[in-house]
Colleague: 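Have a look at this one.
For the numbers below, each heavy atom of this structure counts, side chains included, while hydrogens, waters and symmetry mates do not.
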Amino acid sequence: MNALFAGSFHPPTIGHFDIIRKSADLFDKVYIAVMYNSEKKYTLSVEERTAMLQKMTADLKNVEVVSDTGLTAEFAKKLGCHALVRGLRNSQDFEYERPIADANKKIFGIETVFLPCDPEYTWISSTILNDVLRHGGDISKMVPETIHEDILRACMRTSKGV
């Protein structure tokens, strides 16, 4: 069975990697979809985020990184996926994700699988990471080592965080 884990991954975090790794253990093939939302402001391009995710998942043979600009559930169906994967850090994440999962089931007939992140990652979010970056803090405990320097270079390029 194939699954799709979609997000903006702006930037990818060790929490994202935790969910990707768990998904790779559960599904035959996992597509990681870097999505573009026109309502969000991005400093990292889709190509940069895709490259970072490819680098951090290089050892996971059943993972493929892709990108799209449309509806996640439609893209999942197009890829032949039977499930969407969503990572949960806390009950607020669940409350946000549940109605979306219900809509995806009702409209597109696709199930959502919720995976809790490991407890040591519940505090990590791209928002917090970006705030730490903007203030020159240490992000090494928030991102996979394989992409740490890539994120710092992107931060220096924009001088405002990513």
Side-chain angles (χ1 to χ4, degrees), residues 3-24 26 30-60 63-73 75-76 81 83-101 103-104 112-162:
L4 177 78
F5 177 38
S8 61
F9 303 105
H10 193 260
T13 69
I14 200 163
H16 292 132
F17 184 72
D18 179 52
I19 299 302
I20 293 167
R21 183 188 46 75
K22 288 176 181 179
S23 299
L26 293 171
V30 178
Y31 292 95
I32 309 304
V34 179
M35 302 301 283
Y36 178 80
N37 179 341
S38 61
E39 294 180 17
K40 286 188 175 183
K41 182 181 173 196
Y42 298 105
T43 52
L44 290 175
S45 70
V46 168
E47 294 78 18
E48 287 173 307
R49 291 178 277 150
T50 298
M52 288 179 192
L53 284 157
Q54 287 170 333
K55 194 175 197 180
M56 67 190 245
T57 61
D59 292 338
L60 301 174
V63 170
E64 182 178 339
V65 182
V66 294
S67 64
D68 195 58
T69 58
L71 292 172
T72 301
F75 189 46
C81 295
L84 298 171
V85 171
R86 299 305 298 157
L88 300 176
R89 293 170 295 183
N90 52 45
S91 60
Q92 290 90 353
D93 282 353
F94 178 75
E95 293 301 325
Y96 174 80
E97 295 288 349
R98 178 62 193 261
I100 298 169
N104 285 332
T112 300
V113 175
F114 296 110
L115 296 175
C117 70
D118 283 351
E120 67 255 39
Y121 306 131
T122 58
W123 62 279
I124 299 171
S125 71
S126 293
T127 302
I128 292 171
L129 189 153
N130 279 307
D131 195 41
V132 171
L133 276 171
R134 269 190 296 282
H135 293 92
D138 178 15
I139 62 162
S140 62
K141 290 182 173 46
M142 301 171 80
V143 299
E145 188 177 323
T146 53
I147 63 167
H148 181 250
E149 291 299 319
D150 297 329
I151 293 172
L152 292 179
R153 271 194 299 281
C155 178
M156 291 175 76
R157 185 188 75 234
T158 64
S159 73
K160 295 179 185 171
V162 293

Colleague: When you measure from the side chain of Asp68 to the backbone N and O of Phe75, does any donor-acceptor pair fall under 3.5 Å?
Modeller: no

Colleague: Could you give the distance from CG (Leu88) to CZ (Arg98), rounded to the nearest 0.5 Å?
Modeller: 11.5 Å

Colleague: Is a side-chain N or O of Thr57 found less than 3.5 angstrom from the main chain of Leu60, in a donor-acceptor match?
Modeller: no

Colleague: Please lay out, stage by stage, how Val132 and Lys141 fare under the test side chain to side chain contact (heavy atoms under 4.5 Å, CB included).
Modeller: CA-CA 11 Å; Val132 171; Lys141 290 182 173 46; over 6 Å; no

Colleague: Could you report the tightest heavy-atom contact between Val85 and Ser23, atom names first, then the distance?
Modeller: CG1-OG, 3.3 Å

Colleague: Does any N or O in the side chain of Arg49 come within less than 3.5 Å of the main-chain N or O of Pro12, such that one atom is a donor and the other an acceptor?
Modeller: no

Colleague: Answer yes or no: is there a side-chain heavy-atom contact under 4.5 Å between Met142 and Ile124?
Modeller: yes

Colleague: Look at the side chain of His10 and the backbone N and O of Leu44, then say whether any donor-acceptor pair between them is shorter than 3.5 Å.
Modeller: yes

Colleague: Return the minimal non-hydrogen interatomic distance between Ala73 and Asn104, and the atom names on each side.
Modeller: CB-OD1, 3.4 Å

Colleague: Which atom names give the shortest non-hydrogen contact between Val63 and Ile32, and what distance separates them?
Modeller: CG1-CG1, 3.6 Å

Colleague: Starting at OG of Ser126, measure out to NE2 of His16 and round the result to the nearest 0.5 Å.
Modeller: 4.5 Å

Colleague: Ring centres of Phe17 and Tyr121 under 6.0 Å apart?
Modeller: no

Colleague: Could you grab the distance from atom CD1 of Ile151 to atom CG of Leu129, nearest 0.5 Å is fine?
Modeller: 6.0 Å

Colleague: Mind listing the closest non-hydrogen atom pair of Asp18 and Cys117 along with its distance?
Modeller: OD2-CA, 3.2 Å

Colleague: Do Arg86 and Ile100 have side-chain heavy atoms sitting under 4.5 Å apart?
Modeller: no

Colleague: Checking Asn90 side chain against Gln92 main chain: does a donor-acceptor pair fall under 3.5 Å?
Modeller: yes

Colleague: Kindly compute the distance separating CE (Met35) from OG1 (Thr72), expressed to the nearest 0.5 Å.
Modeller: 3.5 Å

Colleague: Where is the tightest heavy-atom contact between Thr50 and Ser67, given as atom of each residue plus distance?
Modeller: OG1-CB, 4.4 Å

Colleague: Is it true that a side-chain atom of Lys22 and a backbone atom of Pro116 form a donor plus acceptor pair closer than 3.5 Å?
Modeller: yes

Colleague: Nearest 0.5 Å please: distance from the CD1 atom of Ile14 over to the CD1 atom of Ile147.
Modeller: 9.5 Å

Colleague: Closest approach of Ser8 and Val34, non-hydrogen atoms and distance?
Modeller: O-CG1, 4.1 Å

Colleague: Applying salt bridge (charged side-chain N to carboxylate O under 4.0 Å, His left out), name anything that partners Arg89, two or more places apart in sequence or on another chain.
Modeller: Asp93

Colleague: Hey, are the side chains of Leu115 and Leu26 touching, using non-hydrogen atoms and a 4.5 Å cut-off?
Modeller: yes

Colleague: Can you measure from CE (Met52) to OG1 (Thr146) and round to the nearest 0.5 angstrom?
Modeller: 10.5 Å

Colleague: Ring-plane angle category for Phe94 and Phe114, please: parallel below 30°, perpendicular beyond 60°, tilted otherwise.
Modeller: perpendicular

Colleague: With side chains defined as the heavy atoms from C-beta onward, is the minimum distance between Asp150 and Lys55 less than 4.5 Å?
Modeller: yes

Colleague: Would you say Cys81 and Val30 make side-chain contact, with heavy atoms under 4.5 Å?
Modeller: no

